[in-house]
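Below, chains carry the letters A, B, ... as their sequence lines are ordered, and counting in each starts from 1.
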Number of protein chains: 2
Amino acid sequence: MITLSEENYLKAILSINLNTNSVVSTNEIASNLNTSAASVTEMVKKLQDKKLVIYEKYKGVNLSKKGREKAIEILRKHRLWETFLVKKLDFSWAEVHDIAEQLEHIKSKKLTDKLNHFLNYPIFDPHGEPIPTKDGTIPKTKRITLNKMPLNSKGIVMGVALDNKEFLDYLTKLQISIGTKVYAIDRISFDQSMKIKINNKLEHISKEIAQNILIKIN
Amino acid sequence: MITLSEENYLKAILSINLNTNSVVSTNEIASNLNTSAASVTEMVKKLQDKKLVIYEKYKGVNLSKKGREKAIEILRKHRLWETFLVKKLDFSWAEVHDIAEQLEHIKSKKLTDKLNHFLNYPIFDPHGEPIPTKDGTIPKTKRITLNKMPLNSKGIVMGVALDNKEFLDYLTKLQISIGTKVYAIDRISFDQSMKIKINNKLEHISKEIAQNILIKIN
DNA sequence: GTACAAATTTAGGCTTGCCTAAATTATTTT
DNA sequence: AAAATAATTTAGGCAAGCCTAAATTTGTAC
Ligand SMILES: [Mn+2]
Ligand SMILES: [Mn+2]
Ligand SMILES: [Mn+2]
Ligand SMILES: [Mn+2]
């Protein structure tokens with residue numbers, strides 16, 4: 001049996017590992033889960049006993065095959081439920097994360113499969129993130145962050161790298177959503193903020209915002 | 001904040017109270033939740049501190065107004081989710097209880113409301129049980145159990161009094177479901193078993209089965 | 001290579017929920 | 001109305017997850 005807490009640790013480790021592509025440190029997990037490093041050390045030892053992670057004292061943690069499978073399963077459920085909430089229940093993309101944080105822990109393989117079928121086998125979640133497939137692969141996407149767009153080039157918003165309500169509400173206010181066409185006009189060298197054109201309107205966005213918008217360039 | 005465990009206790013107390021219409025004993029709760037009487041006493045004290053129950057030592061427990069509201073909210077979610085699973089995801093009525101036991105704890109008023117809307121404001125769950133309304137009332141139903149049907153009378157199956165997989169699978173095998181017409185042919189006085197006619201077939205069912213089938217008579 | 005700083009682990013403690021066994025109170029039986 | 005039995009509560013303990021403070025290890029600077 002794998003507890004809710006253990007599931008959250010596995011998910012955090014996966015998420016950090018997908019970003020850094022390297023071994024995961026105690027501190028990174030602690031900050032991701034808003035908990036103390038001491039608690040992480042404790043839990044990581046338990047996960048090791050259960051063969052869910054590979055852990056070397058003072059060196060860091062990696063998911064085992066079994067642990068990775070479990071983590072991806074949770075990520076899959078999270079993104080399927082988010083898709084359900086937006087597509088079927090008419091929630092906005094900014095509202096669904098916290099609810100999906102709860103729903104991702106519902107245990108029933110059959111439920112996950114039926115939900116997937118009901119949603120017509122979606123490939124991306126409402127934030128443009130790829131939904132892991134049943135066999136545990138995460139579809140690769142090649143996208144760049146808006147702050148890396150060449151000037152005077154155009155692109156299409158494919159997703160966001162941050163599932164945070166304030167951020168998403170702000171994008172909505174700017175009328176930025178998935179599929180929106182973007183033209184990169186200028187990058188201010190002082191603060192790396194960017195001037196862009198969206199729906200024929202000129203906007204000025206901070207580096208922090210630009211870093212979290214994922215773009216496909218033609 | 002109300003914990004998952006507390007929610008399960010409140011739900012158990014409500015469920016017993018709806019059946020017996022009287023004060024609820026420690027032992028009844030313990031057997032309903034498959035836990036020890038000592039644990040129940042402990043928890044009941046905590047619930048009292050939180051003003052969720054009214055409790056008198058050695059006498060028994062009753063839900064407070066606030067506790068009843070909470071319990072009904074959970075029951076509402078349970079039955080809405082069961083309805084979702086059967087109506088939208090195509091689960092059988094025998095499969096949904098355990099999943100709904102998990103889903104009923106998801107915290108989001110908005111989700112409950114949107115689910116209700118998505119399901120088109122259902123009145124009964126897949127087992128024929130009334131779904132509490134948003135304002136916390138449980139629609140009254142007047143039904144008798146099949147074992148109390150007068151002989152040579154006819155009725156319609158409106159629901160079941162037991163949400164147990166084996167029981168429901170057996171009913172399905174007998175081709176008994178909600179809406180099925182039933183004729184009461186005979187009652188064997190020795191064991192109170194009954195001979196009934198369903199879909200033009202004669203069946204013989206035990207008292208225990210008959211007691212858990214809810215009938216509307218004309 | 002030693003000294004200092006940062007990261008990590010260990011120690012000791014707390015809360016929640018659970019348990020069994022013993023004590024107490026309530027209910028039946030005679 | 002005792003005595004016996006049943007129901008309930010109290011006592012004492014345990015595991016899971018969390019915390020802070022102290023100790024240890026590792027990495028960096030000189
Ligand atoms: Mn999310
Ligand atoms: Mn998402
Ligand atoms: Mn049920
Ligand atoms: Mn039901």
Side-chain angles (χ1 to χ4, degrees), chain A residues 1-17 19-20 22-63 67 70-71 74 101-102 104-105 107, chain B residues 1-17 19-20 22-63 67 70-71 74 101-102 104-105 107:
Chain A
M1 191 60 304
I2 182 162
T3 69
L4 189 140
S5 229
E6 289 167 346
E7 290 195 346
N8 282 331
Y9 275 91
L10 293 177
K11 193 166 54 115
I13 297 167
L14 176 66
S15 154
I16 296 164
N17 183 254
N19 280 332
T20 64
S22 72
V23 76
V24 177
S25 78
T26 309
N27 257 359
E28 286 170 318
I29 300 171
S31 103
N32 183 296
L33 291 178
N34 243 268
T35 187
S36 73
S39 298
V40 173
T41 302
E42 252 187 307
M43 179 58 96
V44 153
K45 284 191 208 158
K46 285 181 204 157
L47 293 173
Q48 188 184 34
D49 290 346
K50 294 193 176 183
K51 314 264 185 237
L52 292 164
V53 302
I54 295 134
Y55 166 56
E56 218 180 325
K57 239 185 177 187
Y58 290 106
K59 296 289 170 57
V61 194
N62 247 306
L63 291 170
K70 249 296 155 203
I74 300 161
E101 286 290 304
Q102 300 176 64
E104 72 192 5
H105 300 288
K107 282 167 183 46
Chain B
M1 191 61 304
I2 182 162
T3 69
L4 189 141
S5 228
E6 288 167 347
E7 289 194 348
N8 282 331
Y9 274 91
L10 293 177
K11 192 167 56 115
I13 297 168
L14 176 66
S15 154
I16 296 163
N17 184 255
N19 279 333
T20 64
S22 71
V23 76
V24 176
S25 78
T26 309
N27 257 358
E28 285 171 318
I29 300 171
S31 101
N32 183 298
L33 291 177
N34 244 269
T35 187
S36 73
S39 297
V40 173
T41 302
E42 252 186 308
M43 179 58 94
V44 152
K45 284 191 209 160
K46 285 180 204 158
L47 293 173
Q48 187 183 35
D49 291 345
K50 294 192 175 184
K51 312 267 185 236
L52 291 164
V53 302
I54 294 134
Y55 166 57
E56 219 180 324
K57 237 186 180 187
Y58 290 106
K59 295 294 169 54
V61 194
N62 246 307
L63 292 169
K70 249 295 155 204
I74 300 160
E101 285 291 304
Q102 300 176 64
E104 72 192 5
H105 299 289
K107 282 168 183 45

Can a side chain N or O of A/T26 be found less than 4.0 Å away from OP1 or OP2 on C/dT9? yes
Residues from residues 48-60 of chain A sitting under 4.0 Å of DNA chain C, heavy atoms only? A/Y55, A/K57, A/Y58
Would you tabulate the pairs of protein nitrogen or oxygen atoms and nucleotide nitrogen or oxygen atoms of nucleotides 19-21 of chain C closer than 3.5 angstrom?
| unit_1 | atom_1 | unit_2 | atom_2 | d |
| --- | --- | --- | --- | --- |
| C/dC19 | OP2 | B/T35 | OG1 | 2.8 |
| C/dC19 | OP2 | B/S36 | N | 3.1 |
| C/dC19 | OP2 | B/S36 | OG | 3.1 |
| C/dC19 | OP2 | B/S39 | OG | 2.8 |

Contacts of A/E101 that satisfy salt bridge (charged side-chain N to carboxylate O under 4.0 Å, His left out) - sequence neighbours left out: A/K11
side-chain contact (heavy atoms from CB on, under 4.5 Å) filter on A/A12, not counting sequence neighbours, yields A/N32, A/L33
Gap between atoms CD1 and C1', on A/I29 and C/dT9 respectively (whole Å): 14 Å
Single hit among A/I29, A/V23, A/V40, A/N8 for side chain to side chain contact (heavy atoms under 4.5 Å, CB included) with A/I13: A/I29
side-chain contact (heavy atoms from CB on, under 4.5 Å) with A/E7: which residues, sequence neighbours excluded? A/I2, A/K70, A/I74, A/H105, A/K107
So does A/N27 get a side-chain nitrogen or oxygen closer than 4.0 Å to the phosphate oxygens (OP1/OP2) of C/dA6? no
State which residues pass salt bridge (charged side-chain N to carboxylate O under 4.0 Å, His left out) with B/K57; sequence neighbours excluded, sorted by chain then number. none
N or O in side chain of B/S25 less than 4.0 angstrom from D/dA7 OP1/OP2: no
Rounded to the nearest Å, what distance is computed from the CE atom of residue B/M1 to the P atom of nucleotide C/dT16? 14 Å
Salt bridge (charged side-chain N to carboxylate O under 4.0 Å, His left out) filter on A/K59, not counting sequence neighbours, yields none
Can you list, in residue-number order, the parts of residues 5-13 of chain A that come under 4.0 Å of DNA chain C, counting heavy atoms only? none
Partners of A/K45 by side-chain contact (heavy atoms from CB on, under 4.5 Å), sequence neighbours excluded? A/T41, A/Y55
Not counting sequence neighbours, which residues clear side chain to side chain donor-acceptor pair (under 3.5 Å) with B/S15? List them please. none
Indicate, with a heavy-atom threshold strictly under 4.0 Å, whether A/T41 touches base, sugar-phosphate, or nothing. base
Nucleotide D/dA16, atom C1' - distance to CG of A/L47 in whole Å: 13 Å
Partner set under side-chain contact (heavy atoms from CB on, under 4.5 Å) for B/I54, not counting sequence neighbours: B/S64
Does A/M1 offer a backbone N or O that forms a donor-acceptor pair with the side chain of A/K50 under 3.5 Å? yes
Listed by chain and number, what are the salt bridge (charged side-chain N to carboxylate O under 4.0 Å, His left out) partners of A/K46, not counting sequence neighbours? none
